[in-house]
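First comes the structure, then the notes that go with it.
Computation of the quantities below employed the complete heavy-atom set of this structure, encompassing side-chain atoms and omitting hydrogens, waters and symmetry-equivalent molecules. Start at 1 and go down the list; that is how both ligands and their atoms are numbered.
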Amino acid sequence: MNGDTVVDVSAVLEFLPASVWPHPHGDAVITHLDKLRPRISELLKQGDALPLGGVMLKSPIANPGKIIGAPVNYKAHLEETNLDKDVMPGQTIHPIEDIGLFLKATSSLAGPGEGIEINFPNRRTDHEAEVVVVIGKQGRNLREEEALDHIAGYCLGLDMSLRGREDRGFRKSCDTYAVLGPWLTTAEHVPDPADIPFSLTVNGETRQKSNTRQLILSIAKLIVMASAYYTLYPGDVIMTGTPEGISPVMPGDVIAVESPLLGRFESSVRESVTSGPPY
Ligand code: MN
(Lines give C-alpha, C1' and ligand atoms only; values in the text may rest on other atoms or scores of the structure.)
Protein backbone atom coordinates (compact mmCIF):
# COMPACT_ATOMS: atom_id res chain seq x y z
CA MET A 1 0.00 0.00 0.00
CA ASN A 2 1.36 3.35 -1.07
CA GLY A 3 -1.08 6.24 -1.09
CA ASP A 4 -3.83 5.20 -3.50
CA THR A 5 -1.87 2.38 -5.06
CA VAL A 6 -0.88 -1.15 -4.11
CA VAL A 7 2.05 -3.25 -5.30
CA ASP A 8 1.86 -7.01 -5.68
CA VAL A 9 4.56 -8.42 -3.39
CA SER A 10 3.25 -11.97 -3.27
CA ALA A 11 6.57 -13.24 -4.71
CA VAL A 12 7.81 -12.92 -1.11
CA LEU A 13 5.90 -16.10 -0.28
CA GLU A 14 8.74 -18.08 -1.91
CA PHE A 15 10.80 -17.26 1.17
CA LEU A 16 8.42 -19.01 3.55
CA PRO A 17 9.67 -22.39 4.79
CA ALA A 18 8.14 -25.37 2.98
CA SER A 19 4.80 -26.30 4.50
CA VAL A 20 4.75 -29.74 6.10
CA TRP A 21 1.76 -31.34 7.80
CA PRO A 22 0.95 -31.06 10.68
CA HIS A 23 1.19 -27.28 10.36
CA PRO A 24 2.51 -25.37 13.34
CA HIS A 25 0.13 -23.00 15.14
CA GLY A 26 0.08 -19.49 13.77
CA ASP A 27 -0.17 -17.70 10.44
CA ALA A 28 3.02 -18.40 8.47
CA VAL A 29 3.40 -14.88 7.05
CA ILE A 30 3.03 -13.21 10.45
CA THR A 31 5.32 -15.80 12.10
CA HIS A 32 8.08 -14.93 9.61
CA LEU A 33 7.18 -11.26 9.12
CA ASP A 34 10.47 -9.83 10.45
CA LYS A 35 12.42 -11.94 7.98
CA LEU A 36 10.08 -11.12 5.09
CA ARG A 37 9.91 -7.34 5.59
CA PRO A 38 13.27 -6.43 3.95
CA ARG A 39 12.31 -8.58 0.97
CA ILE A 40 8.88 -6.95 0.80
CA SER A 41 10.62 -3.53 0.71
CA GLU A 42 12.71 -4.68 -2.26
CA LEU A 43 9.68 -5.99 -4.12
CA LEU A 44 7.85 -2.72 -3.45
CA LYS A 45 10.49 -0.86 -5.47
CA GLN A 46 10.34 -3.29 -8.41
CA GLY A 47 6.64 -4.04 -8.73
CA ASP A 48 3.96 -2.27 -10.74
CA ALA A 49 1.69 0.06 -8.80
CA LEU A 50 -1.98 -0.85 -9.20
CA PRO A 51 -4.85 1.46 -8.27
CA LEU A 52 -6.24 0.48 -4.85
CA GLY A 53 -9.79 0.77 -6.20
CA GLY A 54 -9.06 -1.90 -8.81
CA VAL A 55 -8.13 -4.73 -6.48
CA MET A 56 -10.28 -6.93 -4.27
CA LEU A 57 -9.21 -6.63 -0.63
CA LYS A 58 -9.06 -9.94 1.20
CA SER A 59 -8.28 -10.40 4.89
CA PRO A 60 -4.78 -9.07 5.72
CA ILE A 61 -4.30 -12.16 7.90
CA ALA A 62 -4.98 -15.26 5.84
CA ASN A 63 -4.91 -17.94 8.55
CA PRO A 64 -5.44 -16.66 12.06
CA GLY A 65 -5.38 -19.52 14.56
CA LYS A 66 -7.89 -17.70 16.76
CA ILE A 67 -10.28 -14.82 16.29
CA ILE A 68 -10.76 -13.52 19.82
CA GLY A 69 -13.64 -11.21 20.66
CA ALA A 70 -14.09 -8.75 23.52
CA PRO A 71 -17.73 -8.47 24.64
CA VAL A 72 -19.03 -5.04 25.67
CA ASN A 73 -15.67 -3.34 26.10
CA TYR A 74 -16.91 0.26 25.79
CA LYS A 75 -18.93 1.75 28.64
CA ALA A 76 -21.41 3.61 26.41
CA HIS A 77 -22.00 0.39 24.43
CA LEU A 78 -22.65 -1.51 27.69
CA GLU A 79 -25.31 1.06 28.53
CA GLU A 80 -26.99 0.92 25.09
CA THR A 81 -26.94 -2.90 25.18
CA ASN A 82 -28.71 -2.98 28.53
CA LEU A 83 -31.37 -0.59 27.16
CA ASP A 84 -31.97 -2.46 23.88
CA LYS A 85 -33.69 -5.72 24.80
CA ASP A 86 -33.35 -7.13 21.25
CA VAL A 87 -29.56 -7.36 21.46
CA MET A 88 -29.43 -10.24 23.95
CA PRO A 89 -33.05 -10.99 24.78
CA GLY A 90 -33.70 -12.38 28.23
CA GLN A 91 -30.11 -11.95 29.33
CA THR A 92 -28.39 -9.48 31.59
CA ILE A 93 -25.27 -7.95 30.08
CA HIS A 94 -22.32 -8.41 32.42
CA PRO A 95 -19.07 -6.44 32.35
CA ILE A 96 -16.12 -7.89 30.45
CA GLU A 97 -14.11 -8.32 33.66
CA ASP A 98 -16.70 -10.91 34.76
CA ILE A 99 -17.40 -12.79 31.55
CA GLY A 100 -14.01 -12.77 29.83
CA LEU A 101 -13.52 -13.15 26.09
CA PHE A 102 -15.17 -15.21 23.36
CA LEU A 103 -14.00 -16.89 20.15
CA LYS A 104 -15.33 -16.55 16.64
CA ALA A 105 -14.85 -19.48 14.23
CA THR A 106 -11.91 -18.85 11.91
CA SER A 107 -14.23 -19.79 9.02
CA SER A 108 -16.12 -16.53 9.68
CA LEU A 109 -13.11 -14.60 8.33
CA ALA A 110 -13.65 -12.39 5.27
CA GLY A 111 -11.88 -9.55 3.53
CA PRO A 112 -13.72 -6.29 2.81
CA GLY A 113 -14.00 -7.16 -0.90
CA GLU A 114 -15.75 -10.44 -0.15
CA GLY A 115 -18.75 -8.74 1.42
CA ILE A 116 -21.03 -9.84 4.23
CA GLU A 117 -23.62 -12.54 3.66
CA ILE A 118 -26.85 -12.54 5.64
CA ASN A 119 -28.01 -16.12 6.13
CA PHE A 120 -30.87 -15.28 8.52
CA PRO A 121 -32.79 -12.53 6.67
CA ASN A 122 -35.63 -12.60 9.20
CA ARG A 123 -33.39 -11.92 12.19
CA ARG A 124 -31.37 -8.89 13.23
CA THR A 125 -27.70 -8.65 12.22
CA ASP A 126 -25.76 -5.64 13.55
CA HIS A 127 -22.51 -3.99 12.53
CA GLU A 128 -19.81 -3.70 15.19
CA ALA A 129 -16.83 -1.56 14.13
CA GLU A 130 -13.71 -2.52 16.05
CA VAL A 131 -9.98 -1.93 16.22
CA VAL A 132 -8.22 -5.25 15.72
CA VAL A 133 -4.88 -6.31 17.18
CA VAL A 134 -2.73 -8.84 15.34
CA ILE A 135 -0.39 -10.86 17.53
CA GLY A 136 3.18 -11.07 16.22
CA LYS A 137 4.99 -13.20 18.77
CA GLN A 138 4.04 -16.32 20.73
CA GLY A 139 3.21 -15.70 24.38
CA ARG A 140 1.41 -17.12 27.39
CA ASN A 141 0.68 -15.59 30.81
CA LEU A 142 1.95 -12.22 29.59
CA ARG A 143 2.34 -9.28 31.95
CA GLU A 144 0.89 -5.89 31.06
CA GLU A 145 4.36 -4.33 30.64
CA GLU A 146 5.34 -6.84 27.94
CA ALA A 147 1.97 -7.20 26.22
CA LEU A 148 2.43 -4.53 23.55
CA ASP A 149 5.76 -6.11 22.46
CA HIS A 150 3.72 -9.08 21.23
CA ILE A 151 1.75 -7.05 18.67
CA ALA A 152 2.67 -7.29 14.98
CA GLY A 153 0.19 -4.62 13.96
CA TYR A 154 -3.38 -3.45 13.74
CA CYS A 155 -6.27 -3.34 11.34
CA LEU A 156 -9.94 -2.45 11.40
CA GLY A 157 -12.67 -5.02 11.69
CA LEU A 158 -16.36 -5.74 11.67
CA ASP A 159 -17.54 -8.16 14.35
CA MET A 160 -20.84 -8.81 12.59
CA SER A 161 -23.39 -10.04 15.11
CA LEU A 162 -26.59 -11.97 14.74
CA ARG A 163 -28.77 -10.95 17.70
CA GLY A 164 -30.59 -13.50 19.79
CA ARG A 165 -30.37 -15.93 22.67
CA GLU A 166 -27.61 -18.20 21.39
CA ASP A 167 -24.11 -18.13 22.77
CA ARG A 168 -22.00 -15.21 21.47
CA GLY A 169 -19.42 -17.43 19.80
CA PHE A 170 -22.22 -19.15 17.84
CA ARG A 171 -24.13 -16.03 16.75
CA LYS A 172 -20.96 -14.20 15.70
CA SER A 173 -19.40 -17.08 13.75
CA CYS A 174 -21.59 -17.10 10.63
CA ASP A 175 -19.53 -17.14 7.41
CA THR A 176 -18.26 -13.60 6.57
CA TYR A 177 -19.06 -12.26 10.07
CA ALA A 178 -15.42 -11.44 10.86
CA VAL A 179 -14.32 -8.81 8.34
CA LEU A 180 -10.70 -7.62 8.63
CA GLY A 181 -9.17 -4.82 6.58
CA PRO A 182 -8.13 -2.82 4.76
CA TRP A 183 -4.55 -4.00 5.44
CA LEU A 184 -2.13 -4.69 8.30
CA THR A 185 -0.65 -1.48 9.72
CA THR A 186 2.55 -2.59 11.43
CA ALA A 187 2.92 -1.65 15.09
CA GLU A 188 5.58 1.04 14.66
CA HIS A 189 3.04 3.16 12.75
CA VAL A 190 0.70 3.26 15.73
CA PRO A 191 2.47 5.38 18.34
CA ASP A 192 -0.20 4.92 21.03
CA PRO A 193 -2.64 1.99 20.86
CA ALA A 194 -4.71 3.78 23.51
CA ASP A 195 -5.42 6.57 21.04
CA ILE A 196 -6.77 5.08 17.81
CA PRO A 197 -9.73 7.03 16.47
CA PHE A 198 -12.16 5.13 14.21
CA SER A 199 -15.64 5.41 12.80
CA LEU A 200 -18.27 3.54 10.80
CA THR A 201 -20.87 4.64 8.29
CA VAL A 202 -23.79 2.76 6.75
CA ASN A 203 -24.69 4.06 3.27
CA GLY A 204 -22.69 7.21 4.07
CA GLU A 205 -24.40 7.95 7.39
CA THR A 206 -22.18 7.93 10.49
CA ARG A 207 -23.33 5.36 13.08
CA GLN A 208 -20.25 4.73 15.23
CA LYS A 209 -17.42 7.09 16.10
CA SER A 210 -15.01 6.50 18.96
CA ASN A 211 -11.41 6.03 20.03
CA THR A 212 -9.58 3.20 21.80
CA ARG A 213 -9.16 5.73 24.65
CA GLN A 214 -12.74 4.75 25.57
CA LEU A 215 -12.00 1.03 25.98
CA ILE A 216 -12.92 -0.50 29.37
CA LEU A 217 -10.07 -3.05 29.14
CA SER A 218 -7.08 -1.57 27.28
CA ILE A 219 -5.39 -3.45 24.46
CA ALA A 220 -2.54 -4.44 26.82
CA LYS A 221 -5.03 -5.74 29.40
CA LEU A 222 -6.91 -7.74 26.73
CA ILE A 223 -3.63 -9.45 25.80
CA VAL A 224 -2.95 -10.22 29.48
CA MET A 225 -6.45 -11.69 29.89
CA ALA A 226 -6.35 -13.73 26.66
CA SER A 227 -2.85 -15.11 27.27
CA ALA A 228 -3.83 -16.24 30.77
CA TYR A 229 -6.20 -18.76 29.15
CA TYR A 230 -4.56 -19.69 25.86
CA THR A 231 -1.18 -19.30 24.22
CA LEU A 232 -1.24 -16.46 21.73
CA TYR A 233 0.40 -17.33 18.40
CA PRO A 234 1.52 -15.07 15.55
CA GLY A 235 -1.50 -14.19 13.45
CA ASP A 236 -4.04 -14.61 16.24
CA VAL A 237 -6.34 -11.60 16.17
CA ILE A 238 -8.11 -9.82 18.99
CA MET A 239 -11.19 -7.82 18.04
CA THR A 240 -11.08 -5.29 20.87
CA GLY A 241 -14.78 -4.46 21.19
CA THR A 242 -17.30 -2.11 19.66
CA PRO A 243 -18.33 1.34 20.85
CA GLU A 244 -21.89 2.65 21.03
CA GLY A 245 -23.95 3.09 17.86
CA ILE A 246 -24.59 -0.51 16.79
CA SER A 247 -27.53 -0.91 14.43
CA PRO A 248 -29.04 -3.51 12.10
CA VAL A 249 -27.94 -3.85 8.49
CA MET A 250 -29.87 -5.19 5.50
CA PRO A 251 -28.89 -6.68 2.15
CA GLY A 252 -27.90 -3.81 -0.14
CA ASP A 253 -26.28 -1.75 2.63
CA VAL A 254 -22.67 -0.63 2.28
CA ILE A 255 -20.69 -0.41 5.51
CA ALA A 256 -17.51 1.69 5.63
CA VAL A 257 -15.02 1.58 8.50
CA GLU A 258 -12.14 4.02 8.74
CA SER A 259 -9.38 5.38 10.92
CA PRO A 260 -6.80 8.07 10.10
CA LEU A 261 -4.17 5.61 11.41
CA LEU A 262 -5.38 2.34 9.87
CA GLY A 263 -7.04 3.25 6.56
CA ARG A 264 -10.55 2.72 5.24
CA PHE A 265 -12.54 -0.17 3.83
CA GLU A 266 -16.03 -0.73 2.50
CA SER A 267 -17.99 -3.94 2.68
CA SER A 268 -21.32 -4.68 1.00
CA VAL A 269 -24.11 -6.64 2.65
CA ARG A 270 -25.95 -9.25 0.59
CA GLU A 271 -28.48 -11.99 1.24
CA SER A 272 -27.32 -15.59 1.08
CA VAL A 273 -27.89 -17.17 -2.32
CA THR A 274 -29.55 -20.10 -0.57
CA SER A 275 -32.89 -19.60 1.14
CA GLY A 276 -31.47 -19.84 4.65
CA PRO A 277 -30.93 -22.70 7.05
CA PRO A 278 -33.67 -25.32 7.36
CA TYR A 279 -34.31 -24.92 11.04
MN1 MN B 1 -17.83 -7.08 19.15
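- Checked for salt-bridge contact, D149 and K137 miss the test: no charged N lies under 4.0 Å from a carboxylate O.
- Note on E128: its N/O/S atom closest to the Mn ion (ligand 1) is OE1.
- When the N, O or S atoms of E130 are ranked by distance to the Mn ion (ligand 1), OE2 comes first.
- The closest approach of D159 to the Mn ion (ligand 1), by N/O/S atoms, is made by OD2.
- The distance from atom CD1 of I255 to atom CD of E128, rounded to the nearest 0.5 Å, is 11.0 Å.
- The main-chain N or O of E79 is never found under 3.5 Å from a side-chain atom of N82 such that the two would form a donor-acceptor pair.
- Atom CZ of R123 and atom CD1 of I118 lie 11.5 Å apart (nearest 0.5 Å).
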